[in-house]
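Convention: sequence-line order gives letters A, B, ...; per-chain numbering from 1.
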Amino acid sequence: MKVGVVTFPGSLDDADARRAVRLAGHEPIALWHGDHDLQGAEAVILPGGFSYGDYLRCGAIARFAPVMTEVIAAAREGMPVLGICNGFQILCESHLLPGALIRNDHRKFGCLDQRLVIESNRTAWTNAYETGQEVTIVLKNGEGAFVADEKTLDMLEADGRVVARYVGNPNGSQRAIAGITNEAGNVVGLMPHPEHAIEALCGPGEDGLGFFASLARVAV
Amino acid sequence: MARVVVDVMPKPEILDPQGKAVLGALPRLGFEGVSDVRQGKRFELEIDGEVTDERLAQVEQMAETLLSNPVIEDYTVRVLQENDR
């Protein structure tokens with residue numbers, strides 16, 4: 001499967017995301033924020049980092065980058081889109097996902113190996129896991145607290161759209177939510193970084209690989 | 001030329017860690033009697049020509065689409081009078 005990884009000005013984890021795509025057996029394609037072109041990608045990853053220096057709000061300016069016109073249109077048609085960290089913020093700003101990410105309640109940047117529970121494997125990006133499976137991947141953010149109004153939170157829970165939940169709550173996210181999906185399950189936003197947990201040599205293990213391997217099952 | 005101000009504030013129910021940090025710093029500097037601080041943003045827009053209702057409606061749109069995130073923030077739009085500057 002051809003998996004596009006968008007580079008915005010200030011993206012940090014685009015190279016790691018492309019590498020994770022390759023290790024999961026797919027073909028990574030580097031996409032540029034300024035192009036109205038997905039270059040034949042069948043899935044897209046919005047990587048972590050600090051697009052546009054986090055100016056205004058995290059993801060607020062990246063959301064209007066030229067390439068996002070194509071990403072948003074394709075996502076609405078069912079193309080798998082994964083937003084990691086800053087990518088999650090961009091997906092919320094794009095209104096492809098509900099809620100928002102605000103500053104961690106303890107006001108410090110956190111960087112740790114974080115345990116998560118995969119709450120739903122009925123998405124394009126988590127079907128390689130078992131629901132209820134515990135995984136450890138890297139969490140590194142300053143503005144990672146997921147917030148939404150009570151009605152939205154109840155809806156996410158009732159519809160099984162909470163994809164991953166923190167064990168403990170490292171950043172003040174409401175209901176310890178680490179990741180959510182859209183109604184169709186093709187768009188996933190995730191605050192922790194699975195692309196940093198794909199090899200034992202340079203990370204907390206290989207637990208993150210499943211997010212990228214999951215695509216194999218949605219490939220047509 | 002006219003100046004239009006857009007004030008953006010975190011919604012009351014949204015935790016404001018930056019405001020909390022400022023609140024914590026005030027007593028350390030000897031300032032007493034402040035029970036809460038909320039931190040927001042102020043945008044000043046220089047508008048070409050007269051500020052018509054149509055222009056103001058456009059500013060409202062700017063505030064809603066880009067300047068604020070309606071999920072977590074409220075905004076107000078007002079025209080700055082000459083003697084306010």
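Heavy-atom contacts from other residues, nucleotides or ligands closer than 6.0 Å to CD of A:E183 number 12 or fewer. Other residues, nucleotides and ligands contribute more than 12 heavy atoms inside 6.0 Å of the CZ atom of A:F64. A:K2 NZ: 12 or fewer foreign heavy atoms inside a 6.0 Å radius. No more than 12 heavy-atom neighbours from other residues, nucleotides or ligands sit within 6.0 angstrom of CZ on A:R115. For CG of B:D36, the number of neighbouring non-hydrogen atoms (other residues, nucleotides, ligands) closer than 6.0 Å is greater than 12. In the displayed structure, B:E54 atom CD is contacted under 6.0 Å by at most 12 heavy atoms of other residues, nucleotides or ligands.
Of all non-hydrogen atoms in B:A21 and A:R107, the two that sit nearest each other are CB-NE, 3.5 Å. When all heavy atoms of A:E93 and B:N69 are compared, the closest pair comes out as OE2-ND2, 3.4 Å. Of all the heavy atoms in B:F43 and A:L56, the pair that sits closest is CZ-CD1, 3.3 Å.
Residue contact with chain A, scored on non-hydrogen atoms closer than 4.5 Å, involves the side chain of B:I72 exclusively. If you measure heavy-atom distances from B:E73 to chain A, the contacts under 4.5 Å come from the side chain alone. B:K20 touches chain A through backbone and side chain together, each having a heavy atom under 4.5 Å away. Interface remark: A:D149 contributes no atoms to any contact with chain B (heavy atom separation under 4.5 Å).
Atom CZ of A:R63 and atom CG of B:L66 lie 9.5 Å apart (nearest 0.5 Å). We find the CD1-CD distance between B:I14 and A:Q174 to be 6.5 Å, quoted to the nearest 0.5 Å.
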